[in-house]
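Just below is one structure, and these are the notes that go with it.
Since the model is a prediction, treat every value here as computed from it, not as a measurement. In what follows, chains carry the letters A, B, and so on, assigned in the order in which the sequence lines appear, proteins first and then strands, with residues in each chain numbered from 1.
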There are 2 protein chains.
Amino acid sequence: MGIIRKTKSVETLIQLFNQGEEAYSGVYLVDRLRKKMNKTTVYRILERLEDEGMIHSFTDNDGLTWYAKCNGCSSSHHADLHPHFKCRNCGKTVCLNLDIAIPSIPNRKVDSAEFLLIGVCEKCLT
Amino acid sequence: MGIIRKTKSVETLIQLFNQGEEAYSGVYLVDRLRKKMNKTTVYRILERLEDEGMIHSFTDNDGLTWYAKCNGCSSSHHADLHPHFKCRNCGKTVCLNLDIAIPSIPNRKVDSAEFLLIGVCEKCLT
DNA sequence: GTTGTTATTGCATCAAAGTTGCATTAATTT
DNA sequence: AAATTAATGCAACTTTGATGCAATAACAAC
């Protein structure tokens, strides 16, 4: 599961994620890498990178899965509690470097949370 | 769009939602009402009820769409900022009556947010 | 460097959630 | 009661993502 061979496809994806805090949807990656690799390969590499703890994934308000580079999470600790911001104009989605206070709820155990903010990004505002 | 005829199917769904603060996934509703109406009908009624402001929808961490009765939102004001709680054991999902502080982010306009807490519910804890 | 092992890939096929077009049915209006 | 038109059912489709399997390519051992 955790064993990763450094194939060209893997390198390509890792490089992509190393270029910033931007998140990419599975659909976007499959399309962008269409000429370089099969869509099955894209999804499988994403799965492996997530298992490794190199990236994390989350779901947006349309039900699509997004992937971004983790900032300090490992294979054991994947509870990324930072929020994500999605621009409803251009679709660009990023990780936000913010701490969220997880409300404690009586009689329930909270393990993780997904917090997606939707709005308009800097570029689309002007 | 907003015009709703009180058909039997519509009544059935409204009754269901009036029974508490519980949320239901589209999939669940389609299956539960399988013998009473077509799946297309279920989805279309949900859409209309949401347009009306009678229910609201959100997306869970699996990409599924959930529906629940609004507590004070109308067709004009649909920004439900309350969080939702999903039990990862039994799947039961509810609206939480909590105010979330939406973090303000420099240079970005935030319109809405989805906040999903995942954990174990009261019943499954014991 | 060559060989052997096995992870990785591509391809075809499938699955689930949800949507669309269209003819039929049934609320509501007059 | 008739006319209007919203709502429904059905079939087919779209999209995202998963799976089985044979072929390929990393990497380890020699």
Under 3.5 Å, which donor-acceptor pairs do the side chains of residues 8-19 of chain A form with other protein atoms, sequence neighbours left out?
residue: A/T12; atom: OG1; partner: A/K8; partner atom: O; Å: 2.8
residue: A/N18; atom: OD1; partner: A/K69; partner atom: NZ; Å: 3.1

Anything under 3.5 Å between a donor and an acceptor, one on a side chain of residues 85-100 of chain B, the other on a protein residue two or more places apart or in another chain? List them.
residue: B/K86; atom: NZ; partner: B/D60; partner atom: OD2; Å: 3.0
residue: B/K86; atom: NZ; partner: B/N61; partner atom: OD1; Å: 2.9
residue: B/K86; atom: NZ; partner: B/D62; partner atom: OD2; Å: 3.2
residue: B/R88; atom: NE; partner: A/D111; partner atom: OD2; Å: 2.5
residue: B/R88; atom: NH2; partner: A/D111; partner atom: OD2; Å: 2.6
residue: B/T93; atom: OG1; partner: B/G91; partner atom: O; Å: 3.0

Taking only residues at least two apart or on different chains, which pairs with a member in residues 97-126 of chain A satisfy ring pair (Phe, Tyr, Trp, His ring centres under 6.0 Å)? A/F115-B/F115
Tell me the side-chain hydrogen bond (donor to acceptor under 3.5 Å, both in side chains) pairs involving residues 20-34 of chain A, sequence neighbours left out? A/Y28-A/R32, A/D31-A/R34
Under 3.5 Å for both distances, Watson-Crick or G-U wobble, that's the pair rule; now give the dot-bracket for DNA chain D, with | marking pairs to another strand and [ ] for crossing ones. ||||||||||||||||||||||||||||||
Please state how far atom [atom1] in [X] lies from atom [atom2] in [N], giving the value in whole angstrom units.
X: B/E52; N: D/dA6; atom1: CD; atom2: P; result: 14 Å
X: B/K36; N: D/dG9; atom1: NZ; atom2: C1'; result: 17 Å
X: B/Y43; N: D/dA12; atom1: OH; atom2: P; result: 20 Å
X: B/I14; N: D/dA7; atom1: CD1; atom2: C1'; result: 14 Å
X: A/R48; N: C/dA7; atom1: CZ; atom2: P; result: 11 Å
X: B/E11; N: C/dA26; atom1: CD; atom2: P; result: 16 Å
X: A/R34; N: C/dG10; atom1: CZ; atom2: C1'; result: 17 Å
X: B/L33; N: D/dG9; atom1: CG; atom2: P; result: 11 Å

Give a yes/no on whether any side-chain N or O of A/N38 is located under 4.0 angstrom from OP1 or OP2 of C/dT9. no
For a side-chain contact (heavy atoms from CB on, under 4.5 Å) check, start with the C-alpha distance between B/Y43 and B/V30, then their side-chain angles and the critical distance, and finish with the verdict. CA-CA 8 Å; B/Y43 283 116; B/V30 164; 3.7 Å; yes
What do the steps show when you test B/N107 against A/L125 for side-chain contact (heavy atoms from CB on, under 4.5 Å), and what is the final call? CA-CA 8 Å; B/N107 301 321; A/L125 267 181; 5.7 Å; no
Side chain to side chain donor-acceptor pair (under 3.5 Å) involving A/E47 - partner list, sequence neighbours excluded: none
Atom pair NZ/CZ of B/K123 and A/R108 - distance to nearest 0.5 Å: 12.0 Å
CD1-CD distance between A/I105 and B/E122, expressed to the nearest 0.5 angstrom: 11.5 Å
Exam field: side chain A/E50 to backbone A/S57, donor-acceptor pair closer than 3.5 Å: yes
Under a 3.5 Å distance rule, please check whether B/E114 uses its side chain to pair with a backbone N or O of B/F58 as donor and acceptor. no
How does protein reach along nucleotides 19-30 of chain D, written 5' to 3' as B (base within reach of a heavy atom under 4.0 Å), S (only sugar-phosphate), or - (no contact)? BB----BBS---
Any residue of residues 59-69 of chain A with a heavy atom less than 4.0 Å from an atom of DNA chain D: A/L64, A/T65
Nearest-neighbour nucleotide for the A/T41 side chain, C/dT9, C/dT19, D/dG17 considered: C/dT9
